[in-house]
Amino acid sequence: MTVSADTTAHGSVDVLVVGGGPAGFAAATELARRDRRVVLVDRGDTPDDVTTVFTPRAVAAARRVGVDLLEHFHPIERVRLTASVADPAHPGGAVGPSTSSGWPRVRVAPDDGCVGTRGAFVGHLRSLADELGVEVLDGHDAVEPIVERGFVRGASVRCPSGELAEVRAAITVVADGANSNFGRMLGTYREPDWPLAVAHAADYRSPLHLANEVEIVVGVTDRVGTPIAGYGWMYPTGNGTVGVGVMLLSTSPSFAVINPAHLLERFAEQHADRWQLGDEPTAPAVGGRIPLGMSVGPLAGPTYLIVGDAGGVANPLSGLGIDTALETGIIAGDVVGEALDQNSAAELQQYPKLVDDRYGSYYKIGRLADRLVGQPPVARRLHGALGARPTFAEGALRVALQHLRSGRGGMPEVVYGAARAVASFGPDA
C-alpha cells in the first residue's frame, strides 16, 4: 500500500527500508512475511527502462522472494562468448572466434535465464510488497538518519511537497544503491584502491529481438587498440529491441580517459550489422558506476544493515548485481527478523559474517583477477581462449557467474579451489 509520511511521522515501525530497488524490496518482503511493520522509502529517481539480463541464479533468488521472472520476461537459453580481434581496418576490433553454450547448470537454479527491464522487475516486487502489507512512501527522500545516543532510530524524510517528517524504526535497512548517500551519512566508505566498474547501455530496434541467446563480447579495446578489462553485450528483449551495453573495470589501463558513451557508440556500430540494430537507440543511453566485490563497508551497525549495491556486493568478475542484491536483501530480512524476535540488536552482527561466508573468498579471487586481466598481454591471451575454446569458455562462464557446483570435482571447481587456496595467503586487493 502507498502511504503518506504523515501516517508514520509520530509513531514507530519495526523496520525502515531506505531504497526501493531489488535489495530493499527483498528485505521488506521477507520481514513483512514475519508480520513485521515495514515502511519502505523510495525516491523513485532510478531509471526504470534499463534492460538487464537475469541469470539463472538471479531467477532462483527472485523465486525465493516470490517473483517468477520466467513468467514475465523473455527467456534466454544460451550464452555466446565472442572475442574481438585486432584489425587495422576496424579501430574497435573485428569479430573473431565465438562459442555458444547453455547456461552453466547448478542444482539450486533453473536451467534458463531471461531478459527484462529493471523497472518491470521492481514493479513485480512492488506488487508483492503491497500484497504483504509493506507501506511504501513513493517519491520520498530519506535525507538524514535519526541518531540518538549513537543508535540509528529511523530517518528524516522529505515528502514530495518538500515538507520534512520523521519515520522512526527499531532497525533501518539501507538499500539506496551504488551512490548510497544515506549509507555515507552512517559512515560507510568504499575501499578506494579496489576495482569498480562503469556500465553504459541503450536499447536498439532489431528484428532479432526474439533470439533466445545473449552474446557477451570480450576483447573490447580503446581507440588505440589496447584491451579493456570488461566486456560488451547484446541482450534480446523479446519486445522489439536488443539491449546493447559495455562494462569496463577500473583496472583497465586507459580507464581514466575512456568515455563510456563513446565506447558504447563504437561498440554498437561494430555489431550493428550482425544484430540488425537500428541507427539510433530508442532512448538516451544510461549508465553509472558499480562498486564491486564487497568494497563498501561496514555492512552493519548497532541498529542498521547495508544491502545490495549500497554495500558494493556486485560480482567483481561479471559486474552483475541483481542476484547479489536479492540474496543480501533476503539475508538481511532473516537477520533483522531474528533480531526483532529475540529483542536483541546484537543479532545484526551476524549479517556481515553471513555475507562474507557466501561471497568473501570468491570476491577476493575476483578482485585479484580484475587486476590480472587489466594487464594487456594477459587480457589478449584470455580473450582469444574464451572465443576459441568451448570447454574453456563454459568453465570460465561458470566461475564468472558463481555457478559453482558443491561436492563435484569438475575442472572449473578444481581451478577455483586452487585459486582460493593461493589467494588465502595473498594480500587483499
Side-chain angles (χ1 to χ4, degrees), residues 18-24 42-53 58 117-119 122 141 174-202 216 220 222 228-233 235 243-267 281 283-299 306-326 328 359 363 366-367 369-371 373-374 400 429:
V18 178
D42 183 31
R43 289 196 306 265
D45 59 353
T46 302
D48 62 2
D49 57 351
V50 178
T51 295
T52 187
V53 66
T117 66
R118 182 187 185 279
V122 170
D141 185 15
V174 181
D176 57 340
N179 294 322
S180 192
N181 292 326
F182 199 87
R184 285 199 296 273
M185 284 186 278
L186 294 176
T188 62
Y189 64 93
R190 193 187 77 83
E191 292 286 353
D193 296 329
W194 288 11
L196 62 84
V198 171
H200 217 68
I216 307 297
V220 180
D222 60 20
I228 291 170
Y231 60 89
W233 66 79
Y235 298 157
V244 182
V246 290
M247 187 274 286
L248 56 152
L249 295 168
S250 58
T251 56
S252 300
S254 49
F255 178 78
V257 296
I258 293 176
N259 183 319
H262 294 166
L263 180 64
L264 174 62
E265 290 175 3
R266 288 194 290 113
F267 180 78
V286 296
R289 294 196 167 204
I290 309 168
L292 303 171
M294 295 170 55
S295 58
V296 178
L299 294 180
I306 313 292
V307 300
D309 281 345
V313 297
N315 187 323
L317 290 177
S318 68
L320 299 176
I322 292 287
D323 50 359
T324 52
L326 293 168
T328 54
Y359 308 113
Y363 278 13
R367 295 191 300 267
D370 287 346
R371 296 193 182 282
V373 299

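All values reported here derive from a predicted model rather than from experimental measurement.
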Distance (rounded to the nearest 0.5 Å) between [X] [atom1] and [Y] [atom2]:
X	Y	atom1	atom2	value
D309	N179	CG	CG	9.5 Å
L317	Y363	CG	OH	9.0 Å
R190	L292	CZ	CG	8.5 Å
D323	T328	CG	OG1	9.5 Å
H200	H262	NE2	NE2	9.0 Å

Minimum heavy-atom separation for [X] and [Y], please, with both atom names.
X	Y	value
A314	P291	CB-O, 3.7 Å
V122	G20	CG1-O, 3.4 Å
A310	S180	CB-OG, 3.6 Å
I306	P298	CG1-O, 3.6 Å
D49	A283	OD2-CB, 4.3 Å
P22	A325	CB-CB, 4.3 Å

[X] side-chain N/O to [Y] backbone N/O, donor-acceptor pair under 3.5 Å:
X	Y	result
S295	W194	no
Y359	N315	no
D176	F182	yes
R367	G293	yes
T324	V313	yes

> With V53, which residues qualify under side chain to side chain contact (heavy atoms under 4.5 Å, CB included), at least two apart?
Replying inline: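 Testing V53 for side chain to side chain contact (heavy atoms under 4.5 Å, CB included), a comparison that skips the adjacent residues, returns W103, V115, V214, Y235, L320.
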> Is the count of non-hydrogen atoms from other residues, nucleotides or ligands lying under 6.0 Å from R289 atom CZ greater than 12?
Replying inline: no
For residues 245-252, run the donor-acceptor check on the side chains, cut-off 3.5 Å, and write out each pair with its distance to 0.1 Å, sequence neighbours left out.
unit_1: S250; atom_1: OG; unit_2: L196; atom_2: N; d: 3.0
unit_1: S250; atom_1: OG; unit_2: L196; atom_2: O; d: 3.4
unit_1: T251; atom_1: OG1; unit_2: D370; atom_2: O; d: 2.8
unit_1: S252; atom_1: OG; unit_2: A229; atom_2: N; d: 2.9
unit_1: S252; atom_1: OG; unit_2: A229; atom_2: O; d: 3.3
unit_1: S252; atom_1: OG; unit_2: L249; atom_2: O; d: 2.9

